[in-house]
Student: 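There's a structure below that I have some questions on.
Naming: A, B, ... by sequence-line order, numbering from 1 per chain. Computed from a prediction, not measured in an experiment: that's the story for all the values here.
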Number of protein chains: 2
Amino acid sequence: METCPKCSSNTSIIRAGMIRGKVRYHCKSCDFHFTKEHPEKSRPTKQIHTTIKDIAQVMGVSIATVSRALNNKSDISPKTREAIQKIALELDYNPNMFAKGFQRGETKTIGVVIPNIKRPFFAGVLSGIQEVANEHGYRVMICQSNESFETEVTNIQGLLASHVDGLLISHSKETTRFNQIKSLFDKGLPMVHFDRICTEVDTPKIRQEDFGGAYQLVEHLIQQGYQRIAILAGPTELLISQKRKEGYLHALKKHGLEIRPEYIHHGDFSKEFALASLDSWRQLPEPPDAIFAIHYLNAVEIIQYSKELGIQIPNELGIVGFGDEYLAEIVHPALTVFHLFPQKVGEVAAQMLFRVIAEKGNYKREDILVQGKLIIRKSSLKKPKG
Amino acid sequence: METCPKCSSNTSIIRAGMIRGKVRYHCKSCDFHFTKEHPEKSRPTKQIHTTIKDIAQVMGVSIATVSRALNNKSDISPKTREAIQKIALELDYNPNMFAKGFQRGETKTIGVVIPNIKRPFFAGVLSGIQEVANEHGYRVMICQSNESFETEVTNIQGLLASHVDGLLISHSKETTRFNQIKSLFDKGLPMVHFDRICTEVDTPKIRQEDFGGAYQLVEHLIQQGYQRIAILAGPTELLISQKRKEGYLHALKKHGLEIRPEYIHHGDFSKEFALASLDSWRQLPEPPDAIFAIHYLNAVEIIQYSKELGIQIPNELGIVGFGDEYLAEIVHPALTVFHLFPQKVGEVAAQMLFRVIAEKGNYKREDILVQGKLIIRKSSLKKPKG
DNA sequence: TATCTCTTCGTAAACGTTCCCGATAGGTGA
DNA sequence: TCACCTATCGGGAACGTTTACGAAGAGATA
């Protein structure tokens, strides 16, 4: 016969069914339900983290005092403060950012959404972001969309669940609907766009000198005496694609050159696309005498392929591109590029985000253009140098 | 005269000093201290996140029920569950991972410590880690040490404060003391080392085929007829440096070639180091006729510099390297490399970490060697191909 | 009707931290 | 001695979530 844990009676106990696999009892005299308990109380889990509670226990003070000591707050005597800090050091305490963030409503973490880490541009951006974030005492959470809209949405969802304090976004190629981030923006989540920006939301935007760079590259080609300049552009939807094409068109117009639609190819940056474009251009009655590739890899691929085909660079064909410096230097002939500063983009973007976070919504929106630099090498030097 | 909020007396109130800028009172009749309160109760902060409490309020049920519904637990009727899930969707709810992690003691976040994101190898590793982490529903927090021991320690400290569930580490060049991670390991924090591993702690280690790759590269050089093979190694402390050198030495020994100390240069992977090494080797009475650079960038730099110096590659000087495929293909002459699979390394490392996490300490430690692949190109082809 | 059963829901504690507010001790000046 | 003061400490609520366990009710069985 069982005993009621409440009134200690053992005469008025009846069985009252099963619950969660255990027998349930009912004490009629005090009207109390209960189950048999199992005497299992082992907590063998090794404790990885020291808490302020541990410190409080050791010191014989309250957790409030420990908190004050560790955060250098007032209302505490220097002696106590130092003693606690010493113990904290000894016990190898470090604060649980989760609990901290949880209670203060901020997590000291920012989220970054990019298409692909492996692309040197984004790796550089990340490096810049990291640096600035570290200076501000923030951690960085990174997600890749792999150019998939769906993944991007899921990623942002995940970052949001982790309660990031802010978001740095560079959209995937696929992304054309922005209701998700629009709603986040409306809710007041600090966000900054960079590179692959989105014009439909009123966030600060960090961009590279796409228009100006393209303009400078094409103008350089024209000054070198090239007349029939083709452009190997990216996907039509991509903003950098549009901007760089605009720079290209503007340079042509400015210098009175004809714009020929057959010289304008849009593609997906793949090697196949680049080579096929070159093939098709060569079959024109008037093939281009220079190519502006908005992606440096395509430019490099064109150079390699031209060598295979026996095309003389830069005399028969001038080539310029956007982007990465190192590879451009290595290829033969070295590639004239408009060099961008990925790390700088990351730094500027992160700094902007921290401004937005600090100013709590009432910031003045601002767009920033990170300057690039024209680097002239042999792939476009038709004239003798000088 | 003030009124005591406890006994409502207003005759026995005396001032009792100041506290936190406010006047303090003392009621003598009920022995109660109090301050004047300021009637400020505004909460204008826009709410970014919906909580289960919000849902519970809307539905008129308890938060426990909401939690059960959203986590597909038992003890709930299908009708209620569906209704709650519908509301949750409408209210755009997503769970606060912080609170969740906080209460369950796990954060669904892993930390990664690497020397530098910008290096293609690590970018590739990260990409692999990300992918596997996503599959497991984990988020990734990344830190760069920038090859600084101090930064590395701080980073790990920070990740720990964020209560990551596990750690993936590739050490900086500087790191020679491992007491920090040793103590973490002893506390039971799941950890996996990759690439720049640490032999002093009994963690699972993911390595690349350093020894085997170096052996294959050098053997290939020997088979091509090169006799005086030099090695451009990295810092002595670095394990990959040691392993690759061992492979080099083993190949020489196996084929009966003399080991010449003057052919072995240790450095910091910098361009200056590579060029200076080539200069110094050329001044030897018997300069090397082939160079094995354990870092592909050094190999590429040697190729470029050799061209400047008018050295014929591969006839006068054969060159082979470790690493990145794309750049190796682009350079002229194309570089023979032992290709590694960074993404694979990341995937394997992450998978291993999740195994460790899942098996809660009682896992069997295992080291994994991620296979590489010898890719022969022109920079080492002395003999006509075939 | 008395006893037993199962389903479904609510209550409350716990996680680690911060912060508001009151408590207490020891002063000072009249 | 009484009114007043300051410095320093503790108690406890709050943050969002999960979960152990009890409550309530309906139905089944005797």
Student: Given atom CE of Met18(B) and atom P of dC21(C), what is their separation to the nearest angstrom?
Tutor: 15 Å

Student: Is Asp75(B) salt-bridged to Arg68(B), cutoff N-O under 4.0 Å?
Tutor: no

Student: Checking the side chain of Thr50(A) only, and the main-chain atoms of Leu91(A) only, is there a donor and an acceptor separated by less than 3.5 Å?
Tutor: yes

Student: Within a radius of less than 6.0 Å around CD of Glu135(A), do more than 12 heavy atoms belonging to other residues, nucleotides or ligands occur?
Tutor: yes

Student: State, to 0.1 Å, how close Thr107(B) and Asp165(B) come at their nearest heavy-atom pair, and which atoms those are.
Tutor: N-OD1, 2.9 Å

Student: List the steps, then state whether side-chain hydrogen bond (donor to acceptor under 3.5 Å, both in side chains) holds for Ser12(A) with Ser29(A).
Tutor: CA-CA 6 Å; Ser12(A) 54; Ser29(A) 57; 3.0 Å; yes

Student: If you check the Thr65(B) side chain, which of dG22(D), dG10(C), dG16(C) turns out closest?
Tutor: dG10(C)

Student: Which of these nucleotides, dA23(D), dT18(D), dC9(D), is closest to any side-chain atom of Ile63(B)?
Tutor: dT18(D)

Student: With respect to the side chain of Phe34(B), which nucleotide from dT18(D), dT18(C), dG22(C) is positioned closest?
Tutor: dG22(C)

Student: Which part of the nucleic acid, if any, lies within reach of Asp75(A) when heavy atoms closer than 4.0 Å are counted: base, sugar-phosphate only, or nothing?
Tutor: base

Student: Nearest heavy atom decides the nucleotide; on that basis, is Phe102(A) or Ser77(B) closer to the 5' end of DNA chain C?
Tutor: Ser77(B)

Student: Closest nucleotide of DNA chain D for Thr80(A) versus for Gly17(B): which of these residues is on the 5' side?
Tutor: Gly17(B)

Student: Between P on dA23(D) and OH on Tyr25(A), what's the gap in Å once rounded to a whole number?
Tutor: 16 Å

Student: Which one, dT11(C), dA3(D), dG16(D), comes nearest to the side chain of Gln103(B)?
Tutor: dG16(D)

Student: Using whole Å, what does the distance between atom C1' of nucleotide dC20(C) and atom NZ of Lys22(B) come to?
Tutor: 8 Å

Student: For the helix from dT1(C)-dA30(D) to dA30(C)-dT1(D), what angle separates the axis at the start from the axis at the finish, each from five pairs, in steps of 10°?
Tutor: 60°

Student: When the distance from CE of Met59(B) to P of dT8(C) is rounded to whole Å, what number comes out?
Tutor: 15 Å

Student: Taking only N and O in the side chain of Ser74(A), is any of them less than 4.0 Å away from OP1 or OP2 of dT8(D)?
Tutor: no

Student: NE2 of His49(B) versus P of dC15(D): gap in Å, rounded?
Tutor: 15 Å

Student: Between dG22(C), dC6(C), dT11(C), spot the one nearest the side chain of His33(B), thanks.
Tutor: dG22(C)

Student: Would you call Lys108(B) and Lys100(B) a side-chain contact if the rule is heavy atoms closer than 4.5 Å?
Tutor: no

Student: What is the distance, rounded to the nearest whole Å, between atom NZ of Lys79(A) and atom P of dT8(D)?
Tutor: 10 Å

Student: So, does Lys28(B) get its side chain near the phosphate of dC2(D), meaning an N or O under 4.0 Å from OP1 or OP2?
Tutor: no

Student: Could you check whether the side chain of Arg24(A) and the base of dT3(C) have a donor-acceptor pair of N or O atoms closer than 3.5 Å, going by distance alone?
Tutor: no

Student: Ignoring hydrogens and angles, are the base of dG16(D) and the side chain of Arg104(B) linked by a donor-acceptor pair under 3.5 Å?
Tutor: no

Student: Among the nucleotides dC9(D), dT18(D), dG22(C), which one has an atom lying closest to any side-chain atom of Asn71(B)?
Tutor: dT18(D)

Student: When we call it a touch if two heavy atoms are under 4.0 Å apart, what does Ile52(B) touch: a base, just sugar-phosphate, or nothing?
Tutor: base

Student: Taking the six-membered ring for Trp, are His136(B) and Phe354(B) parallel (under 30°), tilted (30 to 60°) or perpendicular (over 60°)?
Tutor: parallel

Student: Output the single nucleotide from dA23(C), dT18(C), dC5(D) whose closest atom is nearest the side chain of Ile19(B).
Tutor: dA23(C)

Student: For Ala99(A) and for Ser62(B), find the nucleotide of DNA chain C with the closest heavy atom, then tell me which residue's nucleotide is more 5'.
Tutor: Ser62(B)

Student: Rounded to whole Å, please give me the gap between NZ in Lys100(B) and P in dT17(D).
Tutor: 8 Å

Student: Between C1' on dC15(C) and CG on Asp165(B), what's the gap in Å once rounded to a whole number?
Tutor: 15 Å

Student: With under 30° as parallel and over 60° as perpendicular, where do the rings of Phe98(A) and Phe98(B) fit, or are they tilted in between?
Tutor: parallel

Student: Looking only at side chains, do His193(A) and Thr203(A) share a donor and an acceptor under 3.5 Å apart?
Tutor: yes

Student: Given dG16(D), is OP1 or OP2 found less than 4.0 Å from the side-chain N or O atoms of Tyr93(B)?
Tutor: no

Student: Checking contacts here: which listed nucleotide (dC5(D), dT19(D), dT18(D)) is nearest the side-chain heavy atoms of Arg15(B)?
Tutor: dC5(D)

Student: On DNA chain D, nearest-nucleotide positions of Lys73(B) versus Arg81(A): which is more 5'?
Tutor: Arg81(A)

